[in-house]
Amino acid sequence: MWPSPGEIKVSSQNAEDSYPLSSVQEHILLHGQKAPHSGVYVQQLVGTLREELDVFAFQQAWQQVMGRHAALRTSFHWPGMQEPVQKVHQQVDLPFVEHDWQGLPAREQANQLQSYLRTDRRRGVEFTEAPLMRLALFRMDVKDHTFVWTFHRALLDDHSCALVLSDLFVVYEGLRQLQDMGLDQPRPYRDYMDWLGKQDLSQAERFWRRLLEGFTAPTPLVVDRARDTHPDAEEGYQRQSIHLSERLTSDLITLAEDNQLTASTVLQGAWALLLS
């Protein structure tokens, strides 16, 4: 059952399209509603640009990429419904902030950035107001910029993020050179939803019932861990960094591409095998 968001009206103004959510989107959105300020499913992509950036062209490139990809202009609604819908807006403006930290020492810049990331993640997003993303640009030096692209996971997966960034820098170069780079028009997410609606879900259900036959309860992890019932409580954890060699990283990326997966999916599979 979806929680009631109150009196929300889905206006037809500025609406380009509207259709249901995929099952993955539904689960992500539901979890995000249960803990709106926990940062769950709020993604932050941090990039470094070692160049003398044309800030205006960079911002305009983002705006044009949003025009190319309907998913980036999507909001989620469930007024008076058992299930939510996603609405694509014809035009949205990207929230964009710029900070000049050139006069700060490198350590202070790093501390300020970490503070911003923590605060930004806990802001979450307003699901009914597109876009469910924002951008922050930090000038560290004349030829040193850091940008933070914050978006909700219900919009994009890792593979889609790579496509968006690829388009972004092609469009950016085109704006700087005052020429059209001739990008092909991407297929809309609506095409995938239409394909998904034609699938035989009963066949998938029969497959998983056969595969999981005999299981009556989740497999317990041999780890004692106190459960905190507060959905917005911060988790206590430790962090360990493992640096892979350039060769191993390249092999992992090749493995993922050969199997039409993301590198993240391959690593998650390795983690699942480890836990098993």
Side-chain angles (χ1 to χ4, degrees), residues 32 35-69 72-73 91-126 129-153 155-156 158 160-179 181 232-244 246 249 263-264:
H37 301 295
S38 66
V40 173
Y41 294 118
V42 174
Q43 304 293 299
Q44 293 171 313
L45 192 151
V46 182
T48 301
L49 303 171
R50 308 287 189 186
E51 61 180 272
E52 199 166 330
L53 186 69
D54 184 334
V55 176
F56 179 76
F58 187 65
Q59 184 176 2
Q60 289 302 305
W62 276 102
Q63 198 66 46
Q64 289 192 26
V65 168
M66 290 176 64
R68 283 176 49 80
H69 296 281
L72 303 183
R73 293 177 277 114
Q91 177 65 37
V92 295
D93 294 322
L94 175 66
F96 182 92
V97 295
E98 185 181 359
H99 299 275
D100 190 343
W101 290 350
Q102 291 182 93
L104 298 178
R107 181 180 295 273
E108 181 63 20
Q109 289 178 344
N111 291 338
Q112 291 267 27
L113 181 60
Q114 290 304 314
S115 177
Y116 172 84
L117 291 173
R118 287 192 297 270
T119 302
D120 175 65
R121 177 178 288 275
R122 294 189 68 84
R123 278 178 58 190
V125 296
E126 178 56 56
E129 297 179 7
L132 275 67
M133 53 182 276
R134 51 185 174 265
L135 192 78
L137 180 66
F138 305 93
R139 184 188 296 271
M140 307 299 191
D141 206 340
V142 176
K143 293 186 177 181
D144 187 359
H145 297 77
T146 297
F147 71 89
V148 179
W149 175 26
T150 304
F151 60 92
H152 199 271
R153 193 64 170 180
L155 294 181
L156 301 165
D158 291 341
S160 300
C161 288
L163 295 176
V164 169
L165 290 175
S166 177
D167 279 5
L168 170 73
F169 290 109
V170 170
V171 173
Y172 173 70
E173 285 303 316
L175 290 172
R176 292 187 64 190
Q177 299 174 24
L178 301 179
Q179 65 179 10
M181 304 303 284
D232 290 339
E234 290 195 22
E235 300 259 355
Y237 60 90
Q238 294 181 335
R239 193 183 295 269
Q240 181 178 357
S241 298
I242 300 175
H243 297 277
L244 305 181
E246 184 176 346
T249 301
S264 174

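Residues: numbered from 1 along the sequence shown. Computed from a predicted structure; not experimentally measured.
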Has the side chain of [X] got a donor or acceptor atom that lies under 3.5 Å from a matching backbone atom of [Y]?
X	Y	answer
Arg121	Val42	yes
Gln60	Leu175	no
Arg68	Asp167	no
Arg50	Lys143	no
Arg153	Gln43	no
Gln63	Val92	yes

Atom pair [atom1]/[atom2] of [X] and [Y] - distance to nearest 0.5 Å:
X	Y	atom1	atom2	result
His69	Leu163	NE2	CG	7.0 Å
Arg134	Leu94	CZ	CG	10.5 Å
Asp100	Leu137	CG	CG	9.5 Å

Less than 4.5 Å apart, side chain to side chain, heavy atoms only: is that true for [X] and [Y]?
X	Y	result
Leu168	Phe58	yes
Leu165	Val65	no
Gln109	Thr146	no
Met181	Val171	no

Name every donor-acceptor pair, under 3.5 Å, that has one atom in a side chain of residues 111-119 and the other anywhere in the protein, sequence neighbours excluded.
{"residue": "Asn111", "atom": "ND2", "partner": "Arg107", "partner atom": "O", "Å": "3.4"}
{"residue": "Gln112", "atom": "NE2", "partner": "Glu108", "partner atom": "OE2", "Å": "3.4"}
{"residue": "Thr119", "atom": "OG1", "partner": "Ser115", "partner atom": "O", "Å": "3.1"}

*Assert yes or no for the condition that the ring centre distance of Phe151 to Trp149 is strictly below 6.0 Å.*
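So the answer is yes for these two rings.
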Shortest non-hydrogen contact from [X] toward [Y]:
X	Y	value
Arg73	Gly67	NH2-O, 3.2 Å
Gln44	Asp120	NE2-OD2, 2.9 Å
His152	Val125	CD2-CG2, 3.7 Å

*asked:* side chain to side chain contact (heavy atoms under 4.5 Å, CB included) for Leu53 and Tyr172? Distances and angles first, verdict last.
replied: CA-CA 10 Å; Leu53 186 69; Tyr172 173 70; 3.3 Å; yes
*Full working for side chain to side chain contact (heavy atoms under 4.5 Å, CB included) between Trp62 and Leu72*: CA-CA 10 Å; Trp62 276 102; Leu72 303 183; 5.7 Å; no
_Could you go through Gln59 and Glu98, starting from their C-alpha distance and side-chain angles, then the distance that decides it, and tell me whether this counts as side chain to side chain contact (heavy atoms under 4.5 Å, CB included)?_
CA-CA 10 Å; Gln59 184 176 2; Glu98 185 181 359; over 6 Å; no
*Could you give me the CA-CA distance, side-chain angles and deciding distance for Leu45 and Phe147, then say whether side chain to side chain contact (heavy atoms under 4.5 Å, CB included) is met?*
CA-CA 8 Å; Leu45 192 151; Phe147 71 89; 4.2 Å; yes
*Kindly write out the residues that satisfy ring-ring contact (aromatic ring centres under 6.0 Å, His included) with Tyr41, not counting sequence neighbours, or none if the list is empty.*
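With neighbours one apart ignored, the set is empty.
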*Look at the rings of Trp101 and His99 and say which category their plane angle falls in: under 30° parallel, 30 to 60° tilted, over 60° perpendicular.*
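Ring orientation of Trp101 relative to His99: tilted.
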_If you count every heavy atom of other residues, nucleotides or ligands that lies below 6.0 Å from Glu51 atom CD, does the total exceed 12?_
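More than 12 within 6.0 Å, yes.
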